[in-house]
Protein chains: 2
Amino acid sequence: MAGGSAERGRSVTSRALAILDAFDASAPRLSLSEIAERSGTPLTTAHRLLAELTGWGALSRRADGRYEIGRKLWDLGLLAPVSLELRQVAAPFLLDVHTATRDTVHLAVRDGTSALYVERISGRESVPVVSQVGSRLPLHATGVGKVLLAAAPDDVVAEALAAPVRATRHTVVDPGRLRRELGEVRRRGWARTAEEMSLGTLSVAVPVRVERAGSTVVAAALGIVVPSHRRDLPRLVPVLEVAARGIGRALARTPPFR
Amino acid sequence: MAGGSAERGRSVTSRALAILDAFDASAPRLSLSEIAERSGTPLTTAHRLLAELTGWGALSRRADGRYEIGRKLWDLGLLAPVSLELRQVAAPFLLDVHTATRDTVHLAVRDGTSALYVERISGRESVPVVSQVGSRLPLHATGVGKVLLAAAPDDVVAEALAAPVRATRHTVVDPGRLRRELGEVRRRGWARTAEEMSLGTLSVAVPVRVERAGSTVVAAALGIVVPSHRRDLPRLVPVLEVAARGIGRALARTPPFR
DNA sequence: TGGAGTCTCCCAGCCAGCGGAAGCCCCGGG
DNA sequence: CCCGGGGCTTCCGCTGGCTGGGAGACTCCA
């Protein structure tokens, strides 16, 4: 940038983006000094950029002086492909599954070595779960994650199994056993977990396959979470499969989303 | 910016933001030249800024060379207050209403002189409606809009009634009649529309009131859309009211969201 | 093979951005 | 009441990153 910049090689835009980067789920509201600190930007510079970002609507300023994400970024975020097509197409099907089961239903896609939760339907009577729309959980410890991992290229599998995090005492972290599980998921077409991410819950998940130009890809995973006392998990698989096929067919009719 | 800029007084950041502004619901995927054109940026400059935005993850580039909103902006968008608190708190209640009625349920807030649809639940058997999450519709022609307008300050009412758009032949555009309707909405506590936004649908809506620090504000509106042949609209009001009270109480327990 | 349309790379000039310093405001403690 | 301190805002002279026309690469189509 121009002027007596202390740290060269950092563009104006990258600084503005670094300021946006200061916000995350654990810190959705920040003061000027927090933003300057978190983004590694001098206070004055942060102040100037914040004024510009706020003026445009990327951020907005609260009565208490703190900044938060503004409407404009919310609007833009809704245009992301993950939201635009996948979610909108899938939402009614998730609703069907939820209506039939009353449990928490999830739709996730793979984002690197994480399962990214794209949509979620959860009633008040469903078990409380950690995931929210937008959250990322490890691939090896969740139902949807195992489905996505089973369909992932080898290098992703290798990376995901390199150092699997142990979330509970039931989390499977042995690479050999995980590989065998993935084989089984591929063979039978669905995955299950038992208290591997959080105690007290089980989950099952199936792939959402999309056929396009003759080849089939796993575009997402559809999963359901139930309290661990429930013993009817396999019964849920056909329900998920019907919905997953419906989503897959609907996606095949829309323009490619990735 | 530095350098031989043709148009002075335009900051680097503002150009980067103008590029983001090129994207909207009607144009979620754009080529370099389209972006340059829509943002009023020279092609070369757009190209450079796009590289930076893409590198950060604000945008991503598709196989066909076009740009689209990236994951990072989606993530950030989810941190917006409208999404963070209101939606998450309200979602289960909307689900309850949908479960009880099978119709399309909406949650909207007022954004200037528009109703901003914040959450929506719609099954496959519900009537097709124009609104989506993120869309903005006029306040005078929708159920949720009338509720929000009835609670809005006088200057907003005046602006909204200055030149009301006629969406269908049933849209009420006479300011006098609209004012009388708003009075009625305030008195009886709910609003209705009959084919005013789109033909073939009726809607009812109630306010979501939040009590905070002794005073009550209308934070949002909860509405339902049904096909016009249905004659049981008033029956739905109590259902909406129960859910709206639930949302209001839940919101009162969370930190203020605006 | 030619031509139009689109994208990528290059670079010299120059002004917009940089950020330290100083001032302001608010709050709490003595 | 005064004082100290933390957080925010404004000011301003120096300078190096930004600008954008131009040239070349690439793609698609006739």
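Computed from a predicted model, the values in this text were never measured in an experiment. Numbered from 1 within each chain, the chains take letters A, B, ... in sequence-line order.
Distance from the side chain of A:Val12 is smallest to C:dG17 among D:dT19, C:dT8, C:dG17. Distances were taken from every side-chain heavy atom of B:Leu43 (C-beta onward) to each of C:dC18, C:dT8, D:dG20; the shortest belongs to C:dT8. Set against C:dG19, C:dT8, D:dT9, the side chain of B:Arg61 has C:dT8 as its closest nucleotide. Nearest nucleotide to the side chain of A:His47, out of D:dT10, C:dC7, D:dC18: D:dT10. Comparing atom distances between the A:Arg15 side chain and each of D:dC8, C:dC18, C:dC7 picks out C:dC18 as nearest.
Within 6.0 Å of atom CZ in B:Arg66, more than 12 heavy atoms from other residues, nucleotides or ligands are found, so the atom counts as buried in its surroundings. The environment of CG in B:Asp154 is sparse: at most 12 heavy-atom neighbours from other residues, nucleotides or ligands sit within 6.0 Å.
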Residues B:Leu222, B:Val144; criterion side-chain contact (heavy atoms from CB on, under 4.5 Å); working and verdict
CA-CA 6 Å; B:Leu222 181 69; B:Val144 286; 5.9 Å; no
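For D:dT19, neither phosphate oxygen OP1 nor OP2 lies less than 4.0 angstrom from any side-chain nitrogen or oxygen of B:Thr44. In terms of phosphate contacts, A:Arg48 brings a side-chain nitrogen or oxygen within less than 4.0 Å of OP1 or OP2 of C:dC18.
Nucleotides of DNA chain D nearest to A:Thr13 and A:Ser33 differ in position, and the one nearer the 5' end is that of A:Ser33.
Using a 4.0 Å heavy-atom cutoff across all strands shown, B:Thr45 reaches at least one base atom of the nucleic acid.
To the nearest angstrom, P of C:dG5 lies 15 Å from CD of B:Glu34.
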